[in-house]
A.B. asks: 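Right, I'll just put the structure down here and ask away after.
Letters go in sequence order (proteins before strands), and every chain restarts at 1.
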Amino acid sequence: MTASSAPASSYKDTLNLLQTPFSMRANAKVREPEIQAFWAELQLYERLSQENPGESFTLHDGPPYANGALHVGHALNKILKDIINKTALLQGKRARFIPGWDCHGLPIELKVLQGLKSSERTELTPVSLRKKAHAYALEQVEGQKAGFRRWGIWADWDQPYLTLQKSYEAAQIGVFGAMVLAGHIYRGLKPVHWSPSSRTALAEAELEYPDGHTSPSVYAAFPAVELPPALGSQLSAAGLNPEDATAAGGLAVAIWTTTPWTLPANLAVSVNERLDYAICAVSGRGEAKAPAVSHLVVASELRESLETSLGLGLKPLLNVKGADLEGIVYRHPLMDRTSPVVIGGDYITTEAGTGLVHTAPGHGVDDFNTGRKYKLPVLCPVDEAGNLTAEAGPFAGTNVLKDANPTILEALEATGLLLKQERYEHRYPYDWRTKKPTIFRATEQWFASVEGFRAAALEAIAQVEWLPASGRNRIEAMVSERGDWCISRQRTWGVPIPVFYHRETGEVLLNEATLSHIQALIAEHGADVWWERDEAGLLPAEVAADAAQWRKGTDTMDVWFDSGSSWAGVLGGITGSESRAPQLHYPADLYLEGSDQHRGWFQSSLLTSVAVNGHAPYKRVLTHGFTLDEKGRKMSKSLGNVVDPAVLVEGGKNEKQEPAYGADVLRLWVSSVDYSADVPLGPGIVKQLADVYRKVRNTARYLLGNLHDFDPSRDAVPYAELPLLDQWMLQRTAALIDSVSGDFERFEFYRFFQALQNFCVVDLSNVYLDIAKDRLYVSGATDFRRRSCQTVLALVVERLAGLIAPVLCHMAEDIWQNLPYGVAERSVFERGWPTAPAEWRQPALEQPMDQILQLRALVNRQLESCRSGGQLGASLEAQVQLELGDGAESTRAALSWLEATAHPSVDNLADWLLVSGLQLGGSAPDAVLAEAAEGGITVRIARAAGQKCERCWHYETDIGHHSAHPTLCGRCVAVLS
RNA sequence: GGGGGUGUAGCUUAAUGGUUAGAGCGACCUGCUUAUAACGGGUUAGUCUGGGUUCAAGUCCCAGCAUCCCUACCA
């Protein structure tokens, strides 16, 4: 080398600069799939989840619905699960993860129906519909699966569980059967949305609420025939003789309805016990005809407005609470029977009507519930076409959508008990297909009697660990208040309720023999067999001879019963079913879903498991919130704030506007937020995450790039010989490992995210690596000064890769594959969870180092003031003088500690401050550029003495002492020679 | 309508009822050109609103506002 004549820049070639193929930018679109292919080739998930030495770990997947594109909610859920599973795998556990899909149910059925031509629809049979739905669901599963895999989720993708699989359906029948045999299943009436025009029950999703629906609005008087004694005496005191009140033409309760056709089914009048009611004297007013009663009960608050709307004088005679009205018996104005006044609930308001609600338990949900409280019968005198039946007496044969209302009103008018009739416009549900109004109609349904195992369910809840703890209150309240679970649906795409009805008597055939026979049939042929075969083909041998007498049911199960049986269908939690893999166990270690699943899957799974086995199907339940936009609003197309995970990962149409950030950025987002509440996501947040991703990546790249000539087995410096600075760096690394281990243990990934950032930015970039540059670049390649640093870099980069692996799995593997020296493990995941040797933990290093770093910050501020004054550029142009006075004791102590224990070639305060000269005490330098005193420390900045060494950029006074290198300092000359 | 959750700088987040509310990112200013579509340095700003309890409130209580989830439905 002829350095003497070469231009200064040629000394650059004598430095030990970065070399690594680990690129600064991720190129995630290409690189991530390559890494995933590498894992697949190694069979990494399969081997770790089955062959790891530790205990098994079961995170049981809640099945997403097999319809539609993946959204960020899916990403949050599945990535959280994957972070937990990957952590467990790194920790040596056998974390087998069987992904699932919920495949039955209305949305898919409707999707299929919508896709049919009208000609196809007329030829449609249940079996052909089911075949189409089956195919559709599988197609959706494949689409979603591809998305999940692209996110780097590890799972048994080739053997997922689907609720439409034969074995799953059979296990579900097993759960149902066990509940039947335990006496938890019964048949009863329940009002459902019913479409007379299409003669079917409708689900909420099949209803629409067109504008402009008007109903007859009817006020009627129901004459009292009996009063509770207390009310009677109050009336006497107010001047109304109870005997007159209960005589014809006396007292009546005023009710309001918009469905007069339900009046024949009236079995009660409900009041709100907390509302005030007035008993009023009625007088005719103007042209209005006075009704055939002398007194009316109405809500006090509505009395005045009713005077106007009814055109009556209503003079208050007595004010009572709703509770006082309970026990009045009234005569039905149209039917020959009497019924009670009962206490309803807070659904009874004074917003409209009279404050007294006409109650027909067969035709309304509130009515039904109130009726149950008072053990009223469920009268439903309407057939499936909407025709009133014989039970409706004189109105039999009229139709609820046609002549029932006018006929009934006419009859009411004739009694003189019709107070008022007008048109009323309100929201009313219509059949979305026929565009005709629907009704509420009580129908026979199948129920699980929650009452039968509520106490056990509450006990089971108490045994589970709920995270966050508020989840327990939530599900506890729901389970303790909920009614029985209606598990039947009048649908085709689902698991059949395996029951037979006697064709003549209606008797139900549902017993151990039929259940196990049908379970076996479904296990062999799938649930389609229920529709493909006739009764003779479905009944067990001993009954088959009488098959003609029996009719198979047409109901299917609520899909929540499907997914709620997954502990049986997947984890083998019921006799006769097998778990999908030997590593799975029941109860599961963990369920992890959105907080809406307290009402959904957490609860349906709990109820079935408790009913069958007496305990919860899970030991812990972790919930996450919902994904909102950056302003905390929900994502919607109309607001234009939807973040599509596919676009985020793979890029949009215009990659300049919507770059391909890759799965790791999506995963980093999941790790960055406190998911115990709702989590925000939007373009600004994505950009920030991309910045953090790049910071981590560049930090790793720097570590790798400085190890290109390092082999730990040959070059590593033993811990005990490492300089203080290096020991401090390893102490920081150990502290990071410890805190992050705890963060993952507690599922507090956002703390990991914060700690990772601080580690990369502060500990590494700002401090250690900045100081390390001189050691790495300038020193001779094999100098202790450099090898010791490289020792640390290698130790840190391997552990950094491990710590980020659960979250930034692709980057972690990319780091591992770019380690420039040989390691035993082919994958970072084979290395296991990072650990730190005990000797690294030297908390005693922290205190003096903190003092020195504070001193460094003080010096930096002064250097900056010189820089902004144009007096300095690089900090190496400066020299620093320090004086430590009163108040700087801890700094003085730290410097003494440094001096006493320093490794001279590295632990040098001037190097740590990145300045060319440092003077402690003594006289102030000439030409001080900046001076500041703080906490007893005086800092003075001056230009460094000497000239700039062309190679190491330090200002030294020994430049040019060597004739071959006239622009170099003595240190660099020594390195070159 | 009912039940539940959340609300700390522009963003993500810290803070057993107890110092001047702590970080990282961003933004702005700036240096370096040996991490260079990189790296360093500096600056910046905050407890949703209003009451209450307390010597002391981001933290506990009440009300309101915003927002999300569940639920009911409009007789």
A.B. asks: Report yes if a donor N or O on one partner sits less than 3.5 Å from an acceptor N or O on the other, where the partners are the side chain of A:Glu864 and the base of B:rG41; otherwise report no.
C.D. replies: yes

A.B. asks: Distance under 6.0 Å and angle within 45° of the ring axis: does A:Arg951 meet both against A:Tyr777?
C.D. replies: no

A.B. asks: Report the residue (A:Asn473 or A:Cys952) whose heavy-atom-nearest nucleotide on RNA chain B is the more 5′ of the two.
C.D. replies: A:Asn473

A.B. asks: Nearest whole Å is fine: how far is B:rG42 P from A:Gln862 CD?
C.D. replies: 11 Å

A.B. asks: Base, sugar-phosphate, or nothing for A:Gly632, non-hydrogen atoms under 4.0 angstrom?
C.D. replies: sugar-phosphate

A.B. asks: May I ask you to say whether A:Arg867 pairs ionically with A:Glu864, meaning some side-chain N is under 4.0 Å from a carboxylate O?
C.D. replies: yes

A.B. asks: Once you round it to whole Å, what is the distance between C1' of B:rU30 and CD of A:Gln871?
C.D. replies: 14 Å

A.B. asks: Going by heavy atoms in the side chains, are A:Val761 and A:Asn766 under 4.5 Å from each other?
C.D. replies: yes

A.B. asks: What's the gap between B:rG5 and B:rC48 when it is taken at their C1' atoms, as a whole Å value?
C.D. replies: 16 Å

A.B. asks: With the side chain counted from C-beta on, respond yes when A:Glu846 and A:Arg732 share a heavy-atom pair under 4.5 Å apart, and no when they do not.
C.D. replies: yes

A.B. asks: Check every strand shown and say whether A:Gly364 touches a base, only sugar-phosphate, or nothing at a heavy-atom separation below 4.0 Å.
C.D. replies: nothing

A.B. asks: Look at A:Glu956 together with A:Arg971 and state whether they make a salt bridge at an N to O cut-off of under 4.0 Å.
C.D. replies: no

A.B. asks: On a whole-Å scale, what distance lies between the C1' atoms belonging to B:rG26 and B:rA9?
C.D. replies: 11 Å

A.B. asks: Dot-bracket for RNA chain B, 5' to 3', with Watson-Crick and G-U pairs under 3.5 Å, [ ] for crossing pairs and | for other-strand pairs: what is it?
C.D. replies: (((((((..((((....[...))))((((((.......))))))...(((((..]....))))))))))))....

A.B. asks: For atom C1', what is the distance between B:rU71 and B:rU12, given to the nearest Å?
C.D. replies: 32 Å

A.B. asks: Taking the P atom of each, how far is B:rU43 from B:rA66, in whole Å?
C.D. replies: 40 Å

A.B. asks: Which nucleotide sits closest to the side chain of A:Arg861: B:rG41, B:rG42, B:rA75?
C.D. replies: B:rG42

A.B. asks: Just wondering, do A:Leu793 and A:Phe710 contact through their side chains at under 4.5 Å, heavy atoms?
C.D. replies: no

A.B. asks: Using 4.0 Å as the upper bound for N to carboxylate O, is an ion pair formed by A:Asp691 and A:Lys695?
C.D. replies: no

A.B. asks: Is it true that A:Arg599 and A:Asp596 make a salt bridge, defined as a side-chain N closer than 4.0 Å to a carboxylate O?
C.D. replies: no

A.B. asks: Polar-atom pairs under 3.5 Å, protein N or O versus N or O of nucleotides 23-26 of chain B: list them with distances, or write none.
C.D. replies:
unit_1: B:rA23; atom_1: O2'; unit_2: A:Asn758; atom_2: OD1; d: 2.7
unit_1: B:rA23; atom_1: O2'; unit_2: A:Asn758; atom_2: ND2; d: 3.4
unit_1: B:rG24; atom_1: O2'; unit_2: A:Gln757; atom_2: OE1; d: 2.3
unit_1: B:rG24; atom_1: N2; unit_2: A:Gln688; atom_2: NE2; d: 2.9

A.B. asks: Under 4.0 Å between a Lys/Arg side-chain N and an Asp/Glu carboxylate O for A:Arg697 and A:Asp664?
C.D. replies: no

A.B. asks: Within a strict 4.5 Å, meaning less than it, do heavy atoms of the A:Pro820 and A:Leu704 side chains meet?
C.D. replies: yes

A.B. asks: Provide, to the nearest angstrom, the distance between the OH atom belonging to A:Tyr675 and the C1' atom belonging to B:rU6.
C.D. replies: 16 Å

A.B. asks: With a cut-off of less than 4.0 Å, is there a side-chain N or O of A:Ser765 near OP1 or OP2 of B:rG40?
C.D. replies: yes

A.B. asks: Please report the distance separating the P of B:rA57 from the corresponding atom of B:rA21, rounded so that it comes out in whole Å.
C.D. replies: 13 Å

A.B. asks: Starting at atom CG of A:Asp770, determine the distance to atom C1' of B:rG31, rounded to an integer number of angstrom.
C.D. replies: 12 Å

A.B. asks: Between atom CD in A:Glu630 and atom C1' in B:rA9, what is the gap in whole Å?
C.D. replies: 16 Å

A.B. asks: Go through B:rU36, B:rA75, B:rC68 for me and flag the one nearest to the A:Leu628 side chain.
C.D. replies: B:rC68

A.B. asks: Between B:rG50 and B:rC65, how far is it from one C1' atom to the other, in whole Å?
C.D. replies: 10 Å

A.B. asks: At 4.0 Å (heavy atoms only), tell me whether A:Ile685 reaches a base, stays on the sugar-phosphate, or touches nothing.
C.D. replies: sugar-phosphate

A.B. asks: Touch check for A:Tyr702, heavy atoms < 4.0 angstrom, all strands: base, sugar-phosphate only, or nothing?
C.D. replies: base

A.B. asks: Which part of the nucleic acid does A:Pro468 contact within heavy-atom distance under 4.0 Å: base, sugar-phosphate only, or nothing?
C.D. replies: nothing

A.B. asks: Across the strands shown, which category fits A:Asp596 at heavy-atom distances under 4.0 angstrom: base, sugar-phosphate, nothing?
C.D. replies: sugar-phosphate

A.B. asks: Pick the nucleotide of RNA chain B nearest each of A:Leu872 and A:Trp256; which residue has the one closer to the 5' end?
C.D. replies: A:Leu872

A.B. asks: Categorize A:Arg599 for me: base, sugar-phosphate, or nothing, with a 4.0 angstrom heavy-atom threshold over every strand shown.
C.D. replies: sugar-phosphate

A.B. asks: Compare the minimum distances between each of B:rG41, B:rU71, B:rC39 and the side chain of A:Arg856, then state the nucleotide with the smallest one.
C.D. replies: B:rG41

A.B. asks: From C-beta outward on A:Ala677, which listed nucleotide comes closest to its side chain: B:rU6, B:rG31, B:rU36?
C.D. replies: B:rU6

A.B. asks: Kindly say if A:Thr258 contacts the phosphate of B:rA75, meaning a side-chain N or O under 4.0 Å from OP1 or OP2.
C.D. replies: yes

A.B. asks: For A:Asp629 and B:rC68, what is the distance between atoms CG and C1' respectively, to the nearest whole Å?
C.D. replies: 11 Å

A.B. asks: Send over the distance from A:His624 NE2 to B:rC69 P, rounded to a whole Å.
C.D. replies: 13 Å

A.B. asks: Would you mind reading off the distance between A:Phe749 atom CZ and B:rU13 atom C1', rounded to a whole angstrom?
C.D. replies: 16 Å

A.B. asks: Across the strands shown, which category fits A:Tyr750 at heavy-atom distances under 4.0 angstrom: base, sugar-phosphate, nothing?
C.D. replies: sugar-phosphate

A.B. asks: Give A:Lys634 one of three labels, base, sugar-phosphate or nothing, depending on what nucleic acid heavy atoms sit under 4.0 Å from its own.
C.D. replies: sugar-phosphate

A.B. asks: What integer number of Å spans the C1' atoms of B:rG52 and B:rG17?
C.D. replies: 15 Å

A.B. asks: So which nucleotide from B:rC32, B:rA15, B:rG40 ends up closest to the side chain of A:Ala874?
C.D. replies: B:rC32

A.B. asks: Between B:rA37 and A:Arg25, counting only base atoms on the nucleotide and side-chain atoms on the residue, is there a donor-acceptor pair under 3.5 Å?
C.D. replies: yes

A.B. asks: Let me confirm one number: the OH-CG distance from A:Tyr693 to A:Leu668, rounded to the nearest 0.5 Å.
C.D. replies: 9.5 Å

A.B. asks: Using atom P in both nucleotides, what's the gap between B:rU19 and B:rA56 to the nearest angstrom?
C.D. replies: 15 Å

A.B. asks: For A:Asn266, give me all partners under side-chain hydrogen bond (donor to acceptor under 3.5 Å, both in side chains), at least two apart in sequence or on another chain.
C.D. replies: A:Tyr330, A:His358

A.B. asks: Using a strict threshold of under 4.0 Å (side-chain N to carboxylate O), is an ion pair present between A:Arg785 and A:Asp774?
C.D. replies: yes

A.B. asks: Respond yes when some side-chain nitrogen or oxygen of A:Arg482 is under 4.0 Å from OP1 or OP2 of B:rC70, and no when none is.
C.D. replies: no

